[in-house]
Amino acid sequence: MKQAGKRMKKKKPIVLEELSKEELLKYEIAKELGLFDRVMQNGWGSLSAKETGRIGGILAKRRNRERQDAKNAEG
């Protein structure tokens, strides 16, 4: 039975080489956490809020570290 209000999106194959640096980092983190296969098969929507939050937290930490490293390199 079809649920009202839910539309199925067409899945486009994910080409890792075409992703931005930020998107690629998300996939790398998912791989480190053992979630990569599930993301590739079922998309980001298949992850729980806890799993996506963990990825987002690690992503933010790495971004902040990169900014800090760049600042330290300047002077």
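Model, not experiment: these values are computed from the prediction.
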Handout entry: Results of side-chain contact (heavy atoms from CB on, under 4.5 Å) for Glu22 - residues two or more places apart only
Key = Ser20, Leu59, Arg63
Exercise for the section: Answer whether the closest heavy-atom distance between the side chains of Leu35 and Ile29 falls below 4.5 Å. Expected result: no
Completion exercise
Residue pairs meeting salt bridge (charged side-chain N to carboxylate O under 4.0 Å, His left out), one or both in residues 39-48, sequence neighbours left out, come to none
Fill in the blank from the handout: Across all chains, not counting sequence neighbours, the salt bridge (charged side-chain N to carboxylate O under 4.0 Å, His left out) partners of Glu28 are none
Problem - Closest non-hydrogen atom pair, Ala49 against Thr52 - result: O-OG1, 3.1 Å
Completion exercise
Quick note, salt bridge (charged side-chain N to carboxylate O under 4.0 Å, His left out) partners involving residues 44-62, not counting sequence neighbours, are Glu32-Arg62, Arg38-Glu51
Problem - Partner set under side chain to side chain donor-acceptor pair (under 3.5 Å) for Asn64, not counting sequence neighbours - result: Arg67
Practice task
Determine, stepwise, if the pair Asn42 / Leu47 fulfils side-chain contact (heavy atoms from CB on, under 4.5 Å).
Solution key: CA-CA 9 Å; Asn42 305 316; Leu47 301 181; over 6 Å; no
Problem - Pairs satisfying ring-ring contact (aromatic ring centres under 6.0 Å, His included), at least one member in residues 22-42, at least two apart - result: Tyr27-Trp44
Practice task
Considering only NZ, NE, NH1 and NH2 on the basic side and carboxylate oxygens on the acidic side, decide whether Glu23 and Lys26 come within less than 4.0 Å.
Solution key: yes
